Amino acid sequence: MNVLIVYAHPEPESLNGALRDFTVDRLRSAGHTVRVSDLYAMGWKAPLDAADFLERDAREPLNIIAASKHAFASHTQSADVEEEQRKLMWADALILQFPLWWFSMPAILKGWVERVYAYGFAYGVGEHSSRRWGERYGQGVFKGKRAMLIVTAGGWETHYSARGVNGRIEDLLFPIHHGILFYPGFDVLPPFLIYHTSQLNEARFQDELSALGARLDRIGETDPIPYRAQNGGDYEIPSLELKAGLSAGRHGFDIHLAGDDGS
Ligand SMILES: Cc1cc2nc3c(=O)[nH]c(=O)nc-3n(C[C@H](O)[C@H](O)[C@H](O)COP(=O)(O)OP(=O)(O)OC[C@H]3O[C@@H](n4cnc5c(N)ncnc54)[C@H](O)[C@@H]3O)c2cc1C
């Protein structure tokens, strides 16, 4: 497989740097072709702004969606954005790797998403009408590709458990898994997480590498998180509310998982 790792940590000698190097080596040893977008090393520009649209008329107010649509369709996006889009199209699998910062991804990685996910590429795809809401959530440009997060967190695993004070990790990652990855079509694999990073001694570090290696060895076969497809019949049109009777008795983000009760 072709694997693209988009990596966001400013320090190569960090835990994340070690995990990144391990991941690249492990995947290459298994015969995969790997490319890395090391956002800090690239000096990635995080803000989505007027400079991204090379043909924009500066006399007009900036309408980001219209400018993005035009720039993508007319090949007048900035070169760094086009290059990342090419890498995404090349990849069979995408890994986003980052430390959890303020309960989400570092700003530089969010900026990568905002800039690279152009209108007509990752959103605004397919028919948008009173009876259809485009090709998204299970369809879209990345249909057939896989994606996975590798995340480190300072907090304990219990802090992120069902009754943990930080909220469930599944909930915190839902906007990334379901919004950023599933929306434009990726099959989203369960994340690989390392908690309590400040107390990571050499023995646990080696255990974590073993566990990560096992996950990477199965990157092509691991079952994705069973999110419901938008256009698969589970949602009302045009309200896009889950149909009555599905995920009955459940609430929150989990209702968008196809139930283990067959619903
Ligand atoms: C701005 C900010 C916001 C944050 N927000 C959150 C949050 O919302 N929730 C949360 O849970 N945490 C949060 N944190 C903590 C953060 O998630 C962790 O600091 C981060 O995940 C640790 O990853 P690192 O690569 O920076 O680790 P490092 O600091 O590089 O390393 C952590 C430990 O790993 C070990 N280690 C490192 N490299 C190696 C190696 N090569 N071999 C063996 N052992 C090694 C060492 O023991 C080291 O002390 C935040 C931190 C910051 C700076």
Side-chain angles (χ1 to χ4, degrees), residues 3-30 32 34-48 84 93-116 147-182 188-217 219 225 252-254:
V3 184
L4 173 63
I5 302 172
V6 181
Y7 165 80
H9 197 290
E11 173 51 60
E13 300 298 317
S14 62
L15 171 61
N16 269 274
L19 297 173
R20 188 265 320 265
D21 293 346
F22 174 85
T23 298
V24 170
D25 288 349
R26 185 73 167 227
L27 290 169
R28 286 192 177 142
S29 303
H32 302 297
V34 183
R35 298 178 73 183
V36 179
S37 289
D38 181 342
L39 299 182
Y40 281 95
M42 291 158 66
W44 180 259
K45 165 183 169 288
L48 167 59
E84 295 306 298
L94 170 70
I95 293 175
L96 301 181
Q97 190 200 329
F98 56 92
L100 197 68
W101 281 1
W102 287 109
F103 305 97
S104 188
M105 52 173 61
I108 198 169
L109 179 54
K110 182 69 172 3
W112 180 89
V113 175
E114 290 176 10
R115 296 185 61 225
V116 174
M148 172 179 152
L149 304 184
I150 298 177
V151 183
T152 61
W156 296 16
E157 187 165 2
T158 52
H159 302 174
Y160 293 97
S161 65
R163 293 172 61 82
V165 68
N166 288 348
R168 293 190 322 156
I169 196 70
E170 294 86 349
D171 292 349
L172 295 175
L173 295 181
F174 183 86
I176 303 174
H177 279 152
H178 190 259
I180 291 173
L181 296 173
F182 188 60
V188 185
L189 309 188
F192 181 80
L193 287 142
I194 298 180
Y195 297 98
H196 203 177
T197 50
S198 63
Q199 297 299 314
L200 189 64
N201 59 25
E202 186 60 27
R204 186 155 75 90
F205 178 70
Q206 292 303 328
D207 289 347
E208 298 288 7
L209 291 187
S210 296
L212 175 57
R215 284 295 313 275
L216 295 170
D217 291 347
I219 193 167
I225 301 170
F253 295 139
D254 283 355

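For clarity, every value in this text was computed on a predicted model and none was experimentally measured. Order of listing sets the numbers, starting from 1, for every ligand and every atom in it.
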List the atom pairs, donor and acceptor, that lie under 3.5 Å between side-chain atoms in residues 97-107 and the rest of the protein, sequence neighbours left out.
{"from": "Gln97", "atom 1": "NE2", "to": "Asn16", "atom 2": "O", "distance (Å)": "2.9"}
{"from": "Gln97", "atom 1": "NE2", "to": "Asn16", "atom 2": "OD1", "distance (Å)": "2.9"}

Heavy-atom donor-acceptor pair, Arg26 side chain to Asp21 backbone, under 3.5 Å: no

Tyr160 versus Asn166, side-chain donor and acceptor atoms under 3.5 Å: yes

Whether over 12 other heavy atoms sit under 6.0 Å from Glu13 CD: no

Reported NE2-to-OH distance for the pair His9 and Tyr40, which is rounded to 0.5 angstrom: 8.0 Å

Close N/O pairs between ligand 1 and protein, under 3.5 Å:
{"from": "ligand 1", "atom 1": "5 (N)", "to": "Leu100", "atom 2": "O", "distance (Å)": "3.4"}
{"from": "ligand 1", "atom 1": "5 (N)", "to": "Trp102", "atom 2": "N", "distance (Å)": "2.8"}
{"from": "ligand 1", "atom 1": "8 (O)", "to": "Trp102", "atom 2": "N", "distance (Å)": "3.2"}
{"from": "ligand 1", "atom 1": "8 (O)", "to": "Phe103", "atom 2": "N", "distance (Å)": "2.8"}
{"from": "ligand 1", "atom 1": "9 (N)", "to": "Tyr160", "atom 2": "OH", "distance (Å)": "2.9"}
{"from": "ligand 1", "atom 1": "11 (O)", "to": "Gly154", "atom 2": "N", "distance (Å)": "3.2"}
{"from": "ligand 1", "atom 1": "11 (O)", "to": "Gly155", "atom 2": "N", "distance (Å)": "2.8"}
{"from": "ligand 1", "atom 1": "11 (O)", "to": "Tyr160", "atom 2": "OH", "distance (Å)": "2.5"}
{"from": "ligand 1", "atom 1": "12 (N)", "to": "Gly154", "atom 2": "N", "distance (Å)": "3.2"}
{"from": "ligand 1", "atom 1": "14 (N)", "to": "Leu100", "atom 2": "O", "distance (Å)": "3.3"}
{"from": "ligand 1", "atom 1": "17 (O)", "to": "Leu100", "atom 2": "O", "distance (Å)": "2.8"}
{"from": "ligand 1", "atom 1": "17 (O)", "to": "Gly154", "atom 2": "N", "distance (Å)": "3.3"}
{"from": "ligand 1", "atom 1": "21 (O)", "to": "Thr152", "atom 2": "O", "distance (Å)": "3.1"}
{"from": "ligand 1", "atom 1": "21 (O)", "to": "Thr152", "atom 2": "OG1", "distance (Å)": "2.6"}
{"from": "ligand 1", "atom 1": "23 (O)", "to": "Asn16", "atom 2": "ND2", "distance (Å)": "3.4"}
{"from": "ligand 1", "atom 1": "23 (O)", "to": "Thr152", "atom 2": "OG1", "distance (Å)": "3.3"}
{"from": "ligand 1", "atom 1": "25 (O)", "to": "His9", "atom 2": "NE2", "distance (Å)": "3.3"}
{"from": "ligand 1", "atom 1": "25 (O)", "to": "Leu15", "atom 2": "N", "distance (Å)": "3.4"}
{"from": "ligand 1", "atom 1": "25 (O)", "to": "Asn16", "atom 2": "N", "distance (Å)": "2.8"}
{"from": "ligand 1", "atom 1": "25 (O)", "to": "Asn16", "atom 2": "ND2", "distance (Å)": "2.8"}
{"from": "ligand 1", "atom 1": "26 (O)", "to": "His9", "atom 2": "NE2", "distance (Å)": "2.7"}
{"from": "ligand 1", "atom 1": "30 (O)", "to": "Leu15", "atom 2": "N", "distance (Å)": "2.9"}
{"from": "ligand 1", "atom 1": "47 (O)", "to": "Leu200", "atom 2": "O", "distance (Å)": "2.9"}

Full working for salt bridge (charged side-chain N to carboxylate O under 4.0 Å, His left out) between Asp25 and Arg20: CA-CA 9 Å; Asp25 288 349; Arg20 188 265 320 265; over 6 Å; no

